[in-house]
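This report refers to the structure that appears directly beneath it.
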Amino acid sequence: MQNIRLTINSIPVEIEAGKTILDAAKKAGISIPTLCHHPDLCVAGNCRVCVVEQLGARTLQASCAVPVSEGMEISTNSAKVQRARRDILELLLSEHRSDCVNCYKNNQCELQELAAKYVFSSSELIPLPALQHYSIDASSSSIIKDDSKCIRCQRCVRTCSQLQHISALAVANKGSEQKISAFMDKPMANVVCTNCGQCVNRCPTGALTERNYITEVMHALHDKNKHVVVQTAPAVRIALGEGLGFAPGERVTGKMVAALKQLGFDAVLDTDFTADLTIMEEGTELLTRLKKVLVDGDTQSALPMTTSCSPGWIKFIEHKFPEFLPNVSTCKSPQQMFGALAKTYYAQKRKLDPANIVSVSVMPCTAKKYEADRPEMRDSGFKDVDYVLTTRELARMIKMAGIDFSALADLSYDSIMGTSTGAAVIFGATGGVMEAALRTAYEIITGREVPFENLNIQPARGMEGVREAAVKIEGCEDNWKFLEGAVLKVAIAHGLTNAYKVMQAVKEGRADYHFIEVMACPGGCLGGGGQPMPTSAEIRQKRAEAIYAEDAGMPLRKSHQNPEILAIYDEFLEKPLGHQSHKLLHTVYVERDWN
Amino acid sequence: METLTNNSTLRKTDLIFGREHDTLSLLKEALQREKDEIINELIESGLRGRGGAGFPTGLKWKFAKSAPGNEKYIVCNADEGEPGTFKDRIILEKAADKVFAGMALGGYVTGARHGIIYLRGEYSWMRNSLLLKIDDMNTAFKQLGLDFILEIRMGSGAYVCGEETALIESMEGKRGEPRNKPPFPVAKGFNNKPTIVNNVETLVYALLISHLGAAAFAAFGTEQSAGTKLFSVSGDTPQAGVYELELGMKLSDFVAEFGDGDTKAVQVGGASGFCVPRRKFDQTIIGFEGIPTGGSMMLFNSHRSMYHVLHNYLEFFVEESCGQCSPCRVGCQQLLLGIEAIKARKKPASYLKELIRIADTMRLASKCGLGQSVGNAFDSIVEEFKEEIIY
């Protein structure tokens, strides 16, 4: 493509045609403040904070929205620009309830950051009257919506429609009444929301935040009568550092375990253990379905089978494709398998009264909060997972406790339910469940390792929104001869817009997959709605590299080799899809409306 | 043409309503001509958009003609929402056939085969009668061998949808919110295809110019403001109504004709236009060299409070801003709250300076013409009638 030459603050810049003034400024090393702009989202150009002066133009230009043109002379700091930028920020502050010290997003708010930089003295403007009678929507298990903090940048709206194909959040009304509204102004709990939290991840202010359980968990930790166990999801260990001063992609597994122990958890355990267990159950379920369909001619068993680890995906399919609910693996997510086992198997082994166990999880996810609250998730006889914390909440708790995180010596997870394999840790990246399942299933069927170098199934990896792979099965063991020569077709989708595309293809008969992995969030759990902010493709790429490095460094890399998994089947569960498994590890889904 | 007094610059004309044309024969005649010839005729005539923004019509058609692709649209902007303007309504009542023929001519010239009338929501009462006329027109186009079809899309009452890109969004079934520009509609408009958006009145003049010739049109008006224009006259006047006048007149001559003898100010161009006080009537030219207008002329006599006038405009903008861009959404509210606070002595008179600064930021930084022009009325009323605003 042809290059465009322009100057920014008299500095010559050359950049490809089609790029924006903002891109060119970045290239020239000049920073322009932005609010509505987000690298994952389409251009909005509505906050106007990024305006710049173009020589000869009557008005200022929104640098995020205006493409470069030959010979443009741009000034990012002229008197006009400085005054307008400040005025716009003051206007935004006048419609924002600037209750900063009491705000959950205090010190993590992009508006606050810009105000500190550009407004620095008090504004004369009158706070808008609407701020005097606001209400907060706390109906959702996962997301708190406070319109009085909203600056209408519409990042959430674009996220929900563009990345997630939902539009639970949309712009309503006009003029002074304009607002971001859940569908038909209903409470967040009553609309088609998957609780994925991608909106929370991109909200520049405190308008959208996770429902936090910091106080409840602290309370449990201080209760001497309670045995508080914590499980940490695969994607937490590679992102927690970002909330504590580390660069994206730094693995902090050992420090995280040490910090959790310092916080006072009685046992620091690993969701990776139940990720391995998921592979055993889900892998067996897939093979069973294949056998039933291919050999027994059973028409009841649905293919393709889809994964069930992502609660955002589950809620999506319940709303959008309820006719495909029989296709969803009945396996609970690793979090909920863990919860059910914590108050049964773990309680028995440790001789604890399950009534006194408080089960906490740390998740990269906001939808996990909703999942833990589902009425189905009480198979232990109790609420299987009592409190779900996001990665962000854990970072905050570590800071609150005054722990010098970077100085912590690495510690290992406790046992039991603390041992895992590399196959489990890659659950945190898109394609990871698929790769882990194939490592185990292929070996069950053929008795040999998957035919990929170092067990790294490269076609399953990467950040393409939809990926497909085909594995030819040859040299089957006796029990699996019916699969000899078969080509197992799989698909991987991350982000619900991509999930929609794949399911629509299945629905229309354009795809003949056997197994589909879906993660609701871009990049999989590593890009989850509970992860440290900000998020971008670059950051998610670094986290993915960290996940695969963690896998490569594990002594065991196949779920079926996990000794604690072998032990739990031996001592408690008997066999995959057995009676106990069925009771504790599998679930049912609910058909929901799409409006 | 009727000259009122020997030295008045106000001249009433009757190009649009006065002459009995056989519209279809005008169109038929135009279709015999080369496309570029018609474009050049329009450029030479000096016709500029009659909706208010004043973009040269011939150039717009030229850009649309040269835009690549064979799917193009011509849209008649009949979302007449500027306070104080009602001339498009009269055109659509009395001379809709000329509007439709103007669209067909635009379609012929630019290659658009699809014409859409975007009709103001409040004008839904005329939809059925327009549809009947459109049926006849579509049949006539076929008979003329013109591959062109007309339809109507209804607006839903938002003022901002008169802004051409918001109008396009609305036609696409989305919220009526202005787009980022560039790209402009002539490059990427309706369904991302090249689209010409012309005001109702502009389309009629385009058709008439193809018949009368550029010189005949340019004989009216001034060098910068060629031709004639419809004005919607309202307020404190004994002669409210729609008048076709030659552009370039002095406001004092306009007031002499339409005022009630006690005119203290004229709001030229509606709520988004400028307020001219009595002492400036004589030095104000109505046209692109002075104050351009989409035709709204509101007269106020000495019984009117200019605070209330401004308050009314600001209430209008507070409600009619689409709300997407922050300078406009919040700025309008701040201007209204600000004058109320000054009136109530909750803010000092000096706060007006802050408000004028905010209005200027809105002018510089808003996304579309709505937010950019709120400051026109605000500044002119505040500066000319400061006492009325403060006390």
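Throughout, protein chains are lettered first and strands after them, A, B, ... in sequence-line order, and every chain is numbered starting at 1.
Residue B:Phe317: no heavy atom, backbone or side chain, is found under 4.5 Å from chain A. Heavy atoms of A:Ile151 lying under 4.5 Å from chain B belong exclusively to its backbone. Proximity to chain B (any heavy atom under 4.5 Å) is shown, for A:Ala62, by neither the backbone nor the side chain. Using a 4.5 Å cut-off between heavy atoms, B:Glu354 contacts chain A through its side chain alone, with no backbone atom that close. For B:Ala158, the parts sitting under 4.5 Å from any heavy atom of chain A are the backbone and the side chain alike. At a 4.5 Å heavy-atom cutoff, the contact between A:Glu90 and chain B is made by side-chain atoms alone. For B:Lys346, no part lies under 4.5 angstrom from a heavy atom of chain A. If you measure heavy-atom distances from A:Arg58 to chain B, the contacts under 4.5 Å come from both the backbone and the side chain. Heavy-atom distances place no part of B:Cys332 under 4.5 Å from chain A, backbone and side chain included.
With chain B as partner, the option from A:Arg85, A:Lys80, A:Glu124 having the largest number of non-hydrogen pairs under 4.5 angstrom is A:Glu124. Of all the listed residues (B:Arg175, B:Gln333, B:Gln324, B:Glu319), the one sharing the greatest number of non-hydrogen pairs under 4.5 Å with chain A is B:Arg175. Taking chain B as the reference chain and counting heavy-atom pairs below 4.5 Å, the highest number among A:Val66, A:Asp87, A:Leu35 is found for A:Asp87. Contacts with chain B were tallied for A:Val81, A:Ile88, A:Leu92, A:Leu128; A:Leu128 has the most, counting heavy-atom pairs under 4.5 Å. Contact tally against chain A (heavy-atom pairs below 4.5 Å) for B:Ser366, B:Cys328, B:Cys322: the top residue is B:Cys322.
Residue A:Lys19 qualifies as open at atom NZ: its count of foreign heavy atoms under 6.0 Å is 12 or below. Within 6.0 Å of NZ in A:Lys320 there are more than 12 heavy atoms belonging to other residues, nucleotides or ligands. Counting non-hydrogen atoms of neighbouring residues, nucleotides and ligands closer than 6.0 angstrom, the CD atom of A:Glu14 exceeds 12 such neighbours. Atom NZ of A:Lys26 sits in a sparse spot, with 12 or fewer heavy atoms from other residues, nucleotides or ligands closer than 6.0 Å.
The two atoms that bring A:Thr59 and B:Arg363 nearest to each other are CG2-O, 3.6 Å, heavy atoms only. Here the shortest heavy-atom pairing between A:Leu91 and B:Val330 reads O-CG1, 3.2 Å.
Of the possible donor and acceptor atoms, one in the side chain of B:Gln334 sits under 3.5 Å from a partner among the backbone N and O of A:Ile126.
The contact list for residues 42-51 of chain A toward chain B, using heavy atoms and a distance under 4.5 Å, reads A:Val43, A:Ala44, A:Gly45, A:Asn46, A:Cys47, A:Arg48, A:Val51 by residue number. Residues of residues 166-182 of chain A lying under 4.5 angstrom from chain B, judged on non-hydrogen atoms, are A:Val171, A:Ala172, A:Asn173, A:Lys174, A:Gly175, A:Ser176, A:Gln178 in numerical order.
Side-chain contact between A:Arg83 and B:Leu364: present, with at least one pair of heavy atoms (C-beta onward) separated by less than 4.5 Å.
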